[in-house]
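Data block below; observations after.
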Protein chains: 2
Amino acid sequence: MTLSEEDYIKAIFLLSKDVEKGISTNAIAMQMDTKASSVTDMIKKLADKGLVHYKKYQGVRLAEKGRTYAAKIVRKHRLWEFFLVEKLNFTWDEVHDIAEELEHIKSEQLIEKLDAFLDFPRVDPHGDPIPDKDGNIAKVDKVLLSSAKKGERGIVVGVKDSSSEFLRYLDKLKIALGKEITILNKEPFDNSVLIELDSHKISISALTANNIYLKTI
Amino acid sequence: MTLSEEDYIKAIFLLSKDVEKGISTNAIAMQMDTKASSVTDMIKKLADKGLVHYKKYQGVRLAEKGRTYAAKIVRKHRLWEFFLVEKLNFTWDEVHDIAEELEHIKSEQLIEKLDAFLDFPRVDPHGDPIPDKDGNIAKVDKVLLSSAKKGERGIVVGVKDSSSEFLRYLDKLKIALGKEITILNKEPFDNSVLIELDSHKISISALTANNIYLKTI
DNA sequence: ATTTATTTTTAGACAAAGCTAAAAATTTGT
DNA sequence: ACAAATTTTTAGCTTTGTCTAAAAATAAAT
Ligand SMILES: [Mn+2]
Ligand SMILES: [Mn+2]
Ligand SMILES: [Mn+2]
Ligand SMILES: [Mn+2]
């Protein structure tokens, strides 16, 4: 598998997470910041290799072989992110692009030794689960802050958008994994959410609330 | 710089170490396990980018720009090797190929943080010096075991051949960095060397002796 | 049910990096 | 000094992955 093939298969894997149907050419092109025609070319190659199921104009689905391969790349990506934050003191907004390269290093032994060195972490710095060595992913139960109800309390356990910009905005709001949040009110006018955090009341926009995951308590 | 360009510039850098003249196309092809015609193509590209000086049929020399770039790749290679051995418990014969990939990860910040995490090591697991962040390399003074004289003593500080096969052979002989060796005798017939190691006498072939560096004491 | 708009695929080009085979230059041997 | 051997370069092809522009298929709108 080439680096490029790996990035495609991973993109399809991530896009398939909560989608039942085939993934569209355009969706993949968007995710990978490339052109639809390039995607079509690559999909054909992946189909020839038996990694995806593909019928023209019908979108693409991962074959079992492709799914486990993709999960392993995601495993590497997230383990490296954990390493960068926990051992090298990077912040959670700095690690994605570096992990995007590190995830392609080809050595089973390396990743198993890294896993042990890190003491077998179960989630990455953004709260995303780290697949095990066979590609299985633990189902984390979490809800979006935007869908939590007035009066509920929860711990921040993840983010949906993990772009640097969003993560730095959360830093500014003092929102981080592990923080406790209480939903004080929801404003019907603009769907903003009034929360209590560190004994302060702050208002969170609908867009922001739609990108924060809570585990309700 | 592409991965391939980086590997070429590094190869030229390593071949230039104790050579004054231009590096030949064939020597590079040999080192990189590729064909001379491919080397010629790449050299032209590197020359266009100002990384090397090149005149047809005259071999190639690193330009200053190329030298510092190459030194940075070597720095990354050796720091990662150190990490693999010291933190992930790899053995010295297992790390080269993995470092060959890791050396291409593009992040200044990553390598500086890794350096700090490792506590600024000065040599890699094979005794080779780790260039500093500006590409300067400390001159280590060491001699080949093959050139040490009868009666001299020394500490093993490096290897010339760092192939897995040779390193595993050294493991078998119980020769490792830091071990003390006394030259008891040199056999004129086949240039083998009789040494004392861990209070045992063993005979080392000329070829083996020519790939072990000592710091005499 | 057509027409219009959007999505997807194809066709044709291009850059990177490699190869083989042949030509050109340099080095070596006598 | 000149022929033979070796090294280096060139020419022409191949594979990967990308792109633009045009054609084909599907989806949406009237
Ligand atoms: Mn990637
Ligand atoms: Mn992540
Ligand atoms: Mn390399
Ligand atoms: Mn080394």
Side-chain angles (χ1 to χ4, degrees), chain A residues 1-13 15-16 19-62 66 69-70 73 97 100-101 103-106, chain B residues 1-13 15-16 19-62 66 69-70 73 97 100-101 103-106:
Chain A
M1 287 277 272
T2 66
L3 186 146
S4 198
E5 287 172 336
E6 290 188 346
D7 278 340
Y8 273 96
I9 212 84
K10 188 187 64 166
I12 298 167
F13 176 82
L15 289 167
S16 302
V19 177
E20 195 40 59
K21 319 178 299 180
I23 306 302
S24 79
T25 302
N26 255 1
I28 298 168
M30 189 91 72
Q31 168 97 1
M32 301 204 50
D33 197 29
T34 183
K35 295 299 154 74
S37 55
S38 306
V39 174
T40 303
D41 286 347
M42 180 57 86
I43 283 174
K44 286 179 187 168
K45 205 193 313 178
L46 296 175
D48 286 346
K49 295 192 174 189
L51 293 157
V52 300
H53 300 299
Y54 170 61
K55 275 206 228 89
K56 275 190 192 177
Y57 295 100
Q58 308 266 114
V60 68
R61 284 165 210 273
L62 280 177
Y69 197 106
I73 298 170
D97 291 349
E100 197 59 46
E101 295 183 50
E103 70 190 357
H104 302 288
I105 305 292
K106 288 183 179 15
Chain B
M1 286 275 272
T2 66
L3 185 147
S4 197
E5 288 172 334
E6 290 188 346
D7 278 339
Y8 272 96
I9 212 85
K10 189 186 65 166
I12 297 167
F13 177 82
L15 288 167
S16 301
V19 177
E20 196 37 62
K21 319 179 299 181
I23 306 303
S24 79
T25 303
N26 256 2
I28 298 168
M30 189 90 75
Q31 167 98 1
M32 300 205 52
D33 197 30
T34 185
K35 296 297 154 77
S37 55
S38 305
V39 174
T40 303
D41 285 349
M42 181 57 86
I43 284 174
K44 285 179 188 167
K45 207 194 311 179
L46 296 175
D48 286 347
K49 294 191 174 189
L51 293 157
V52 299
H53 299 300
Y54 170 60
K55 274 205 228 98
K56 274 190 192 179
Y57 295 98
Q58 309 267 115
V60 67
R61 286 165 207 272
L62 281 177
Y69 198 105
I73 297 169
D97 291 349
E100 197 59 45
E101 295 183 48
E103 71 190 357
H104 302 288
I105 304 293
K106 289 182 180 17

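Computed from heavy atoms alone, side chains included, the values below leave out hydrogens, waters and symmetry copies. Here is the naming used below: chain letters follow the sequence lines, and residue numbers restart at 1 for every chain.
The CG-C1' distance, from A/Leu3 to D/dT18, rounds to 14 Å in whole Å. Whole-Å rounding puts the A/Tyr54 OH to D/dA25 P distance at 13 Å. Atom-to-atom, CD1 of B/Ile28 to C1' of D/dT9 comes out at 14 Å; the value is rounded to the nearest Å. At whole-Å resolution of the value, CE in A/Met42 and C1' in D/dC19 are 14 Å apart. For B/Asp41 and D/dC13, the CG to P distance is 15 Å, given to the nearest whole Å. Taking atom NZ of residue A/Lys44 and atom C1' of nucleotide C/dT8, one finds them 10 Å apart after rounding to whole Å. Here the C1' atom of nucleotide C/dG18 and the CE atom of B/Met32 are 11 Å apart, to the nearest Å. Going from atom CD of B/Gln58 over to atom P of C/dT26 covers 7 Å, rounded to whole Å.
Here A/Tyr8 does not reach the OP1 or OP2 of D/dT16: none of its side-chain N or O atoms lies under 4.0 Å away. In this structure, A/Lys56 does not reach the D/dT26 phosphate: none of its side-chain N or O atoms is under 4.0 Å from OP1 or OP2. OP1 or OP2 of D/dT8 lies within a sub-4.0 Å distance of a side-chain N or O belonging to B/Asn26. Distances shorter than 4.0 Å separate none of the side-chain N or O atoms of B/Ser38 from OP1 or OP2 on C/dG18.
A/Lys56 pairs by the salt bridge (charged side-chain N to carboxylate O under 4.0 Å, His left out) definition with nothing, not counting sequence neighbours. Under the rule for a side chain to side chain contact (heavy atoms under 4.5 Å, CB included), the partners of A/Glu6 that lie at least two apart in sequence or sit in another chain are A/Met1, A/Tyr69, A/Ile73, A/His104, A/Lys106.
With distances taken from any side-chain atom of B/Thr25 to the nucleotides C/dT9, C/dC19, D/dT9, the minimum falls on D/dT9. Here C/dC19 is the nucleotide among D/dT9, C/dT10, C/dC19 with the atom lying nearest to any side-chain atom of B/Thr34. Of the listed nucleotides (D/dT18, D/dT9, D/dC19), D/dT9 has the atom at the smallest distance from the side chain of B/Ala36.
To the nearest 0.5 angstrom, B/Asn26 atom CG is 11.5 Å from B/Lys35 atom NZ. Taking CD1 of B/Ile9 as the start and CG of B/Leu51 as the end, the distance is 4.5 Å to the nearest 0.5 Å.
In this structure, A/Thr40 reaches the bases: a heavy-atom distance under 4.0 Å links it to at least one base atom across the strands shown. Here B/Lys55 lies out of heavy-atom contact (under 4.0 Å) with every strand.
For the pair A/Ala47 and A/Tyr54, the tightest heavy-atom approach, listed with the atom from each and the gap, is CB-CB, 4.1 Å.
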All N/O contacts under 3.5 Å from nucleotides 21-24 of chain C to the protein, with atom names and distances to one decimal?
none

How far apart are the C-alpha atoms of B/Ile28 and B/Ile43, what are their side-chain angles, what is the distance that settles it, and do they pass the side-chain contact (heavy atoms from CB on, under 4.5 Å) test? CA-CA 10 Å; B/Ile28 298 168; B/Ile43 284 174; 4.1 Å; yes
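Considering A/Gln31, A/Met32, A/Met42 in turn, A/Met32 is the only one that fulfils the side-chain contact (heavy atoms from CB on, under 4.5 Å) rule with A/Asp7.
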